[in-house]
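Every number for a ligand or one of its atoms is a count from 1 in the order of the listing. Reckoned from all heavy atoms, side chains included, excluding hydrogens, waters and symmetry mates.
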Amino acid sequence: MTPLLPLEDAQQRLISMARPLPSETLPIGDALGRYLAEDMIARRSQPAADMSAMDGYSICFEDRRGPWQIAGECKAGSPPCPPIKAGQAARIFTGALMPDGADTVVMQENISCDGDSIRLIGDPPPSKGHHVRHKGGDFEAGDITVQAGTYLNPPALAHGVMAGLGSLNTGQRPKVAILSTGDELVAPGTEALPHQIPASNDLMILSMLLQLPAITRSISRIKDNMDSLCEALESAADCDVIVTIGGASVGDHDLVAPAFERLGGQIDFWKIAMKPGKPLMAGRLGDSIVLALPGNPVSAFVTATLFLLPLVRHLAGARSPMPVMQVAKTRSLLPPTTQRAEWLRAKVDESGISVFDSQDSAKLSILSAANALLFRPPHSPEQPKGASVSYIAI
Ligand code: AMP
Ligand code: MG
């Protein structure tokens, strides 16, 4: 019997099978959800010049006790008002440029007005530059504002716009085909006879991919025979990734690997030291990477989380494609593990993380009630309640 491949080795091998796709330039408004392909360099400084952070009066700090004569008015969107001299202040609004001669802003709440004369009604400003946003205080022209490989979320796009950019160089979206196999599968919403089941994995895996920059194609409910499987695999030959669901074990009707090999596919690895998800297979077929997920719904979800999504992120240009591991204190006693790493369906909240009593890899009722996969490394001793454990939020 071939030994099971350790989980991390398998994840590394899969990532190293693929290179990120070439980049493409997009209008910044179309770049949401992509990975940045090169460092984002600011074309301008922000702010471009000293400006007020408050509605109030701009003064010279040396002159901080007042009283002052109002010599002008500065508002956002206008060029700077004329310089102020000793004993003078300029009315100023948030986002307006500071006039020459002024270095500090007094909030309007601390000022009493009498025509053009104003005086303090409170403490003088505590420091030079109070309530002033200084030139380049956010970033300077030439700064790297966002690093290559970063996921472009709404704040990152806003950062790019403020940095003066109208387009971004981003990773391309990999093409991913999802092939589900099984004579027992029926379409969602149609009646399933007792020997049939609805094809629930198809929508689950598709939905997981829709959260990433991927172009998806679903080829559902392929029959368990060689010809149908070969035809489906061939029809997805233009895809960067072909993910199959089901038929990945070594049962008589598990024909994914035989079909894949008949077409000339090269297996890279098969069978991982993890639970659930042991029958996972990965290989190459033409220019595509084929990832064969087990059919049990929980196994399919766990292997997609740990293998398929990182692969797609990597192809799309992510710097850190692996799922983020978090730490919590376990509220359950955790038995020792064998040579297989385990991913337990769990619920995490402020009080800690608890595993569900049933860890049956066919039970969607448990998977859909879970919000975490608790990680148990291989060969772990029992963990008492209160021990720190790692998990992935789902
Ligand atoms: P397999 O990996 O093909 O042996 O399937 C293992 C189990 O997962 C069987 O009970 C299948 O009926 C079920 N299964 C396979 N594919 C799907 C699917 N697309 N949706 C829901 N369940 C599936
Ligand atoms: Mg099957």
Side-chain angles (χ1 to χ4, degrees), residues 4-5 10 176-210 214 216-233 235-236 239 241-263 265 267 269-283 290-309 312 340 342-343 345 358-370 373 394:
L4 301 177
L5 187 62
V176 185
I178 306 155
L179 277 55
S180 71
T181 71
D183 288 348
E184 73 279 32
L185 302 177
V186 299
T190 59
E191 189 196 352
L193 298 171
H195 60 283
Q196 297 177 318
I197 59 165
S200 59
N201 287 339
D202 310 34
L203 180 60
M204 177 174 69
I205 302 298
L206 177 69
S207 306
M208 292 169 86
L209 288 167
L210 289 178
T216 55
R217 183 190 309 164
S218 198
I219 306 175
S220 276
R221 306 183 306 281
I222 301 156
K223 292 291 175 202
D224 283 322
N225 66 65
M226 282 292 260
D227 289 345
S228 306
L229 269 167
C230 287
E231 197 183 306
L233 284 168
S235 76
C239 288
V241 180
I242 303 174
V243 44
T244 64
I245 308 169
S249 293
V250 287
D252 290 349
H253 303 286
D254 291 326
L255 298 173
V256 168
F260 167 81
E261 286 185 305
R262 189 208 267 183
L263 295 176
I267 294 180
F269 61 82
W270 192 3
K271 303 212 178 356
I272 316 294
M274 69 182 260
K275 194 172 155 183
K278 182 172 112 180
L280 181 80
M281 185 201 83
V290 175
L291 196 59
L293 310 184
N296 270 319
V298 178
S299 314
F301 180 81
V302 170
T303 48
T305 303
L306 297 173
F307 288 89
L308 175 61
L309 301 192
V312 171
R340 286 165 75 186
E342 292 180 24
W343 294 91
R345 275 65 74 207
S358 169
Q359 292 291 326
D360 183 333
S361 62
K363 281 192 178 166
L364 276 168
S365 54
I366 304 285
L367 182 62
S368 77
L373 293 174
I394 58 173

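Judged purely by atom type and a 3.5 angstrom limit, W270 uses its side chain to pair as donor or acceptor with the backbone of P279. Of the possible donor and acceptor atoms, none in the side chain of R340 sits under 3.5 Å from a partner among the backbone N and O of A273. Judged purely by atom type and a 3.5 angstrom limit, T181 has no side-chain atom pairing as donor or acceptor with the backbone of I222.
For the side-chain contact (heavy atoms from CB on, under 4.5 Å) criterion with M208, the lone passing option out of I178, L309, I394 is L309.
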Pairwise, report which nitrogen or oxygen atoms of ligand 1 are under 3.5 angstrom from protein nitrogen or oxygen atoms, and how far apart they are.
unit_1, atom_1, unit_2, atom_2, d
ligand 1, 2 (O), G247, N, 3.3
ligand 1, 2 (O), G295, N, 3.0
ligand 1, 3 (O), G247, N, 2.7
ligand 1, 8 (O), G295, O, 3.0
ligand 1, 8 (O), N296, N, 3.2
ligand 1, 12 (O), E184, OE2, 2.4
ligand 1, 14 (N), G295, O, 3.3
ligand 1, 19 (N), D202, OD1, 2.9
ligand 1, 20 (N), S200, N, 3.2
ligand 1, 20 (N), N201, N, 3.0
ligand 1, 20 (N), N201, ND2, 3.4

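The 12-atom threshold is exceeded at CD of Q196, counting heavy atoms of other residues, nucleotides or ligands nearer than 6.0 Å.
Between R345 and D360, none of the side-chain N atoms (NZ, or NE/NH1/NH2) sits under 4.0 Å from a carboxylate O, so this pair counts as no salt bridge.
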